[in-house]
Amino acid sequence: MKTAILKSDSASLRRAADLLLSGEVVAIPTETVYGLAALGLNPQAVKKVFTAKGRPPTDPLILHLTSPDLRQTIQAGILKENPPPAALS
């Protein structure tokens, strides 16, 4: 896995977004720790998070949603069209 440390500016934010959209994992600072971000509905990206953390596939990850509407959309069928790998479900 290649690591790049980016500045806190708009160009770096755009690069991080591009990486996420292409299925990569991005580390992000929080108030207390660094977290790993990936697109949660991309099974390959989710696998990369498990690999990077050395996390067993039986330990679930948290999926943050931007709005209740997105949750309803997921429940309406996105996960049926793009189910997570068996080890992650």
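What you are looking at is a predicted structure, and each value in this text was computed from that prediction instead of being measured.
Rounded to the nearest 0.5 angstrom, Arg14 CZ and Asp9 CG are separated by 13.0 Å. Atom CD of Gln44 and atom OG1 of Thr51 lie 11.5 Å apart (nearest 0.5 Å). Summarising the geometry, atom CZ belonging to Arg15 is positioned 12.5 Å from atom NZ belonging to Lys7; distances are rounded to the nearest 0.5 Å.
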### Message
Quick one, Thr30 with Thr32, criterion side chain to side chain contact (heavy atoms under 4.5 Å, CB included). Give me CA distance, side-chain angles, the key distance, then yes/no.
### Response
CA-CA 5 Å; Thr30 70; Thr32 56; 3.9 Å; yes
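Nearest heavy-atom pair across Leu61 and Phe50 is CD1-CE1, 3.3 Å. Taking both residues in full, the closest heavy atoms of Glu24 and Leu20 are given as O-CD2, 3.8 Å, listed atom of the first, atom of the second, then distance.
With contacts defined as side-chain heavy-atom distances shorter than 4.5 Å, the pair Lys53/Leu36 qualifies.
Clustering ILVMFWY residues whenever any of their side-chain heavy atoms sit less than 4.5 angstrom apart, transitively, puts Ile28 in a cluster other than the one holding Val25. Note on Val46: it clusters hydrophobically with Val49, by side-chain heavy-atom contacts below 4.5 Å among ILVMFWY residues.
The main-chain N or O of Asp18 is found under 3.5 Å from a side-chain atom of Ser22 such that the two form a donor-acceptor pair.
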